[in-house]
Each structure stands twice: as structure tokens, then as C-alpha cells.
Amino acid sequence: MATSVQTNTDQVFQRCVAPDCGATYDVGEVRTSCGTCGGLLDVSYEWDRLDVPDSLRWFEKKWARRNEPLCRSGVWRFHELLPFAPPEKVVTIGEGQTMLSRCDGVARYVGLNTSVGMNTGGLFLEYEGLNPSGSFKDNGMTAAFTHAHTIGAKRAACASTGNTSASLALYCGVSKLMQAVIFIGSGKISYGKLSQALDYGALTIQIAGDFDDAMQRVREVTEQLGIYLVNSVNPFRLEGQKTIMYRVLESLDWEVPDWIVVPGGNLGNSSAFGKAFMELHELGLIDRIPRLAVINAVGANTLHELFEVRGQRWNGGQIDHQTTAKFYDEMNEQNRRASTIASAIEINRPVNYEKCLRALDICDGVVREVTDQQILDAKSQVGASGLGCEPASAASVAGAKMLRAEGIIAPSDRVVCILTGHQLKDPTATVAYHTTDQEEFNRVLGSRGVQRAEFANRAVAVPNELDEIIRAIQLNS
Ligand SMILES: *Cc1c(COP(=O)(O)O)cnc(C)c1O
Ligand SMILES: [Zn+2]
């Protein structure tokens with residue numbers, strides 16, 4: 001493929017995830033799939049030849065060195081667990097300074113214990129919207145971008161429902177090391193995300209099609225023009241996204257929670273989380289692995305359909321690919337398109353599907369699908385608790401509520417929901433949910449099958465008269 005540079009780091013390489021193939025490639029090679037079998041690639045390490053701390057507490061000593069960019073970054077302060085690039089090549093903009101918050105309001109909504117009393121269970125929100133570009137994507141972008149930089153790339157591209165492009169555009173804009181080329185579908189991307197890509201100066205290619213179309217095209221174009229691809233088929237991106245789990249553990253004083261609940265789109269996050277726990281367990285840094293719940297939207301439910309309905313499994317890497325092929329054939333025949341208000345997970349052909357099956361295997365995982373109504377109701381609860389997220393993120397909370405109702409999650413469990421993106425990414429959906437204007441509601445949400453806004457916080461309209469304004473405040477407070 002396009003570029004290849006010689007590196008000295010023979011403890012790090014890329015390896016095909018299919019165990020019966022297992023082909024390996026140099027860490028300096030640029031590829032998004034296995035040359036032998038077409039499978040996905042992992043970044044693999046020979047840990048016993050690398051310096052790995054013997055306790056996760058070791059990382060705490062970096063807190064005292066926050067003046068150093070590699071210690072300040074919530075991704076690179078875990079460099080020893082993703083040691084694929086030399087420190088001097090790392091490109092960081094302070095990503096990953098996010099927080100985990102216990103949230104009783106959302107716990108009550110989901111049906112979990114609150115912090116009243118001595119229980120350690122409850123609902124925790126990992127707020128990845130605090131990243132520099134407003135979504136978790138920065139965790140992965142700093143890693144992919146660093147790899148691109150080590151191999152000397154001059155252009156980087158992605159297809160995006162919005163957040164990947166915002167993130168790539170930001171890293172290019174700040175570092176000036178590369179030009180960003182982004183591919184978006186038409187009419188789908190939210191204004192918050194589009195405005196970032198345009199503002200940060202990315203070359204923006206708007207394709208007459210949806211995300212799945214854009215994804216296919218960007219693969220062809222990057223291959224042909226030798227542009228570095230930063231979608232989550234890029235194995236280095238997932239290395240950065242592992243650190244979301246390290247920070248969750250760190251915030252829980254290195255205790256492993258019972259559940260990690262995450263929305264599923266291209267399935268990069270869920271795949272990265274599975275790899276993170278697999279490695280931590282192999283390294284003896286944790287003694288238990290949490291369960292993983294991946295939440296699809298009903299209108300983009302490939303993983304749910306294949307895993308829960310058709311029973312497809314990782315099966316030690318012997319995946320029954322015919323089941324997948326048959327499902328995609330059906331989808332093609334019916335010309336079925338992904339459709340959900342949660343645009344960040346509006347994806348029917350998740351590129352990391354096989355890796356996600358592995359993660360579900362490692363973490364004894366489950367998959368659920370939630371409606372746009374459930375997503376927006378859950379989102380309003382997150383907002384009311386003062387954190388705020390975009391619709392896709394709230395699928396995690398809606399999914400946790402569903403699993404709690406089914407009795408799969410217990411009231412005393414410690415549950416971590418990942419809030420993948422910031423509330424301001426998609427104000428249209430939020431305003432429409434809270435609006436008093438029925439026409440606006442129908443236009444934006446009714447068309448998605450959303451019928452009511454049970455938790456709407458509606459603006460109170462008053463004439464411009466002091467008495468009336470005072471009366472309205474007294475009536476409503
Ligand atoms: C990208 C994205 C997702 C989907 O994550 P995957 O790793 O592709 O499954 C979910 N929520 C938000 C806000 C995103 O930007
Ligand atoms: Zn292979």
C-alpha cells in the first residue's frame with residue numbers, strides 16, 4: 001500500500017484479528033485491512049519486551065507532572081499501554097481531560113440505586129463531550145494522527161457523520177502538519193459538527209448519499225491518492241480510544257465497574273474497550289472484566305440484528321461470515337437505509353463489526369436497540385442533570401434503562417454510561433424536543449416516530465409587560 005517506513009520498534013506490530021490468519025505487518029505500514037484475508041488489524045505489542053507498570057496506580061505519579069503535555073493528555077499519560085509511537089512524535093492538544101460523574105437523577109430514571117446510604121452501585125456518566133472538539137473522537141484522533149505523523153503523511157481523510165471530521169479538522173488546524181479531507185453525506189450532518197469542520201479549514205467533500213456511501217468512497221479515494229485514512233478501521237485510532245476505559249477505572253479508584261454501556265455506530269469504541277480490558281487482564285492489571293452493553297438505534301440496528309436475533313458470535317475468531325453476507329444482501333435488496341435522530345450512530349454497515357464481536361465475547365456482552373423516543377427521553381434526563389449530550393450518547397442511558405427493566409442489570413450494579421458527544425453538537429434535536437411549536441416538533445421529530453416529549457421544559461411565552469412577566473415567573477416557580 002501507499003507508504004511504508006522502517007521502524008526500530010520490533011516489539012510493536014500490526015496483526016490480523018482473525019486467529020487462523022494472524023498475518024503481521026510492520027507498525028510503519030499504512031493499511032486498514034489484512035493483505036492476506038481482508039480482516040481487520042490490531043496494534044499488537046510484545047508486552048514482555050516493553051516497560052509496562054505492574055500496577056495501574058503507577059500512572060498516578062504522572063498527575064504531578066501536568067506541565068508536560070504527555071502527562072496532561074488523558075490519552076498519553078497512559079502511553080505505556082499504547083506504546084506504538086516515540087514520545088517526540090506524539091501530537092496532542094490536551095484531549096481526554098474528561099470526567100466521570102455519579103448521577104443520581106439519571107440513576108433514578110434508569111432504576112438504579114442512588115448514592116444515598118453506603119452502596120457503591122449506581123449510575124455514572126463518563127463525559128467525553130469535554131474533549132477539545134466536543135466528542136470522544138479526539139481520544140482516537142490523537143493516536144491516528146500521531147501515527148500519520150510518524151510515517152510522514154501530508155493529507156488525512158475520513159468519512160464522517162460529523163464528529164470524526166470535526167476532530168480531524170481540529171488536529172490539522174492546530175498542528176498544521178496535514179491537510180484534512182472530509183467526506184460527508186448530504187443533508188445528514190448536524191450544524192454543530194459541520195460548522196467545526198468548515199471553521200477549522202478542512203477540505204469538505206459532500207457526497208450525494210449517506211454515511212455508508214461516504215465510507216465506501218473514502219476508502220477508494222484514499223487508496224488511490226495515498227491519503228492517510230483516519231476512520232476507525234485505522235487500528236491506531238482504537239489504541240487511543242482504549243484510554244476512555246483507563247480513565248473510567250482511574251475515576252473509580254481503579255475498581256472495575258459491573259457494566260460499561262456505550263452507543264454502537266461504527267463499533268470502534270466498543271471494540272477498543274474490549275481490547276483495553278483484554279490487555280489489562282492479560283497484563284494482570286485488573287482481576288475482573290466488566291460486562292459490556294452496546295446500544296443500537298432501532299433505525300440502525302445491524303449489530304443487534306446479527307448478534308441478538310441471528311445469534312452470530314465471535315466463536316474464537318471463526319465467524320460465520322455467511323450470516324453477515326446474507327443480512328447485507330437483504331439490506332441491499334430492500335435498499336434499506338439507516339435512519340435515526342441519533343445521527344452519530346446512523347450507520348448500517350459498521351466497519352468494526354468483527355472486532356466488536358470479539359469485545360462482546362471478552363466482556364460477556366449484550367446488545368440492545370432503542371427507539372428515537374427512548375433516546376430523546378433519556379437525553380432529557382442527562383440534560384436535566386446538568387451534563388448534556390447529543391442524541392447518540394443518550395442511547396447508552398436508554399439502553400441501561402432497558403437492561404435494568406429486563407433484570408439483566410441489577411439495581412445495586414455499578415453502571416458506567418459513556419456520553420460520547422457534547423450537547424451543543426446537535427441543538428436542533430434538543431430545541432425541537434422542548435419546543436411549544438407543534439409544527440417544529442413534527443417536522444424534526446414526528447417524522448422519526450417520536451410522538452411526545454414527556455420531559456419537555458417548554459419556554460413560557462409572555463407579552464412584553466412587567467406585570468405579566470412577574471406573574472408568569474410566580475406561576476411557574
Ligand atoms: C462516533 C460516535 C458514536 C459511535 O461510535 P462508534 O465507535 O462508531 O460505535 C457515538 N456517539 C457519538 C457522539 C459519536 O460521535
Ligand atoms: Zn488476515
Side-chain angles (χ1 to χ4, degrees), residues 1-47 49-50 82-85 140 143-144 147-148 150-153 156-159 212 215-239 241-242 266-268 270-272 274-275 278-279 282 302-303 306 312-329 349-362:
M1 286 211 0
T3 330
S4 178
V5 295
Q6 216 47 47
T7 60
N8 299 321
T9 48
D10 56 350
Q11 302 96 324
V12 186
F13 47 95
Q14 302 180 69
R15 184 166 63 188
C16 177
V17 296
D20 53 357
C21 172
T24 60
Y25 304 91
D26 189 272
V27 71
E29 214 171 305
V30 177
R31 42 186 336 130
T32 52
S33 62
C34 174
T36 306
C37 76
L40 294 164
L41 299 175
D42 266 337
V43 181
S44 280
Y45 307 95
E46 286 182 18
W47 294 112
R49 297 176 58 208
L50 287 157
L82 51 147
F84 65 81
H147 182 251
T150 61
I151 61 104
C158 65
D212 293 311
M215 186 69 230
Q216 197 191 331
R217 290 301 182 197
V218 79
R219 281 174 182 263
E220 293 165 3
V221 171
T222 50
E223 174 92 43
Q224 202 162 329
L225 298 182
I227 301 177
Y228 190 92
L229 181 64
V230 298
N231 276 100
S232 55
V233 283
N234 179 313
F236 295 92
R237 236 188 78 183
L238 301 197
E239 290 305 290
Q241 288 170 216
K242 294 190 305 193
N266 250 336
L267 306 178
S270 43
S271 300
K275 186 171 189 277
M278 178 174 73
E279 290 172 346
E282 279 170 13
T302 295
L303 180 67
L306 288 173
Q312 198 169 35
R313 290 295 181 272
W314 169 245
N315 195 26
Q318 307 284 320
I319 298 171
D320 165 24
H321 292 289
Q322 276 189 340
T323 304
T324 330
K326 183 160 174 286
F327 176 68
Y328 284 145
D329 281 349
R349 288 170 170 72
V351 297
N352 285 297
Y353 175 65
E354 286 85 3
K355 278 187 181 174
C356 181
L357 288 181
R358 182 178 66 179
L360 289 164
D361 185 66
I362 293 162

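Remember, predicted model here, so these are calculated numbers, not experimental data.
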Backbone N/O of [Y] and side chain of [X]: donor-acceptor pair under 3.5 Å:
{"X": "Arg237", "Y": "Val230", "answer": "yes"}
{"X": "Asn266", "Y": "Val351", "answer": "yes"}
{"X": "Lys275", "Y": "Ser270", "answer": "no"}
{"X": "Asp361", "Y": "Trp314", "answer": "no"}
{"X": "Asn315", "Y": "Gly317", "answer": "no"}

Test item: [X] and [Y] side chains (from C-beta on) under 4.5 Å apart, heavy atoms:
{"X": "Thr32", "Y": "Glu223", "answer": "no"}
{"X": "Trp47", "Y": "Pro83", "answer": "yes"}
{"X": "Phe84", "Y": "Glu239", "answer": "yes"}
{"X": "Ser33", "Y": "Leu41", "answer": "no"}

Where is the tightest heavy-atom contact between [X] and [Y], given as atom of each residue plus distance?
{"X": "Gly28", "Y": "Ile151", "value": "O-CG2, 3.4 Å"}
{"X": "Ala143", "Y": "Phe236", "value": "CB-O, 3.2 Å"}
{"X": "Arg358", "Y": "Asp42", "value": "NH1-OD2, 2.6 Å"}
{"X": "Thr36", "Y": "Ala23", "value": "OG1-CB, 3.8 Å"}
{"X": "Thr222", "Y": "Ala157", "value": "CG2-CB, 3.7 Å"}
{"X": "Leu229", "Y": "Cys158", "value": "CD1-CA, 4.3 Å"}

Contacts of Tyr228 that satisfy ring pair (Phe, Tyr, Trp, His ring centres under 6.0 Å) - sequence neighbours left out: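 With neighbours one apart ignored, the set is His147.
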Can you name the residues that form a ring pair (Phe, Tyr, Trp, His ring centres under 6.0 Å) with Tyr353, not counting sequence neighbours?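 Per chain and number, Tyr353 pairs via ring pair (Phe, Tyr, Trp, His ring centres under 6.0 Å) with no residue.
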Can you tell me how far the [atom1] atom of [X] sits from the [atom2] atom of [Y], to the nearest 0.5 Å?
{"X": "Glu354", "Y": "Leu40", "atom1": "CD", "atom2": "CG", "value": "5.5 Å"}
{"X": "Glu279", "Y": "Lys242", "atom1": "CD", "atom2": "NZ", "value": "3.5 Å"}
{"X": "Leu306", "Y": "Lys326", "atom1": "CG", "atom2": "NZ", "value": "10.5 Å"}

Run the side-chain donor-acceptor check on residues 13-21: report pairs under 3.5 Å with partners two or more places apart or on a different chain.
| unit_1 | atom_1 | unit_2 | atom_2 | d |
| --- | --- | --- | --- | --- |
| Gln14 | NE2 | Asp26 | O | 2.9 |
| Gln14 | NE2 | Glu29 | O | 2.8 |

So which of Thr324, Leu360, Leu303 actually passes side-chain contact (heavy atoms from CB on, under 4.5 Å) with Gln312?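 Answer to the side-chain contact (heavy atoms from CB on, under 4.5 Å) test with Gln312 among Thr324, Leu360, Leu303: Thr324.
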For the CD atom on Glu220, are there more than 12 heavy atoms of other groups (residues, nucleotides or ligands in this structure) within a distance under 6.0 Å?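 Check passes, neighbour count above 12.
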Evaluation steps, side-chain hydrogen bond (donor to acceptor under 3.5 Å, both in side chains), between Asn352 and Ser232: CA-CA 7 Å; Asn352 285 297; Ser232 55; 2.9 Å; yes
Could you go step by step and tell me if Glu46 and Val12 meet the side chain to side chain contact (heavy atoms under 4.5 Å, CB included) rule? CA-CA 6 Å; Glu46 286 182 18; Val12 186; over 6 Å; no
I'd like to know if Arg217 and Asp212 make a salt bridge, using a cut-off of under 4.0 Å between side-chain N and carboxylate O.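 Here Arg217 does not pair with Asp212 in a salt bridge, since their nearest N and O are not under 4.0 Å apart.
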What residues, two or more places apart in sequence or in another chain, satisfy side chain to side chain donor-acceptor pair (under 3.5 Å) together with [X]?
{"X": "Arg313", "value": "none"}
{"X": "Thr323", "value": "Asp320"}
{"X": "Lys355", "value": "none"}

Under the side chain to side chain contact (heavy atoms under 4.5 Å, CB included) criterion, do Arg31 and Tyr25 qualify, and how do the steps go? CA-CA 9 Å; Arg31 42 186 336 130; Tyr25 304 91; 3.6 Å; yes
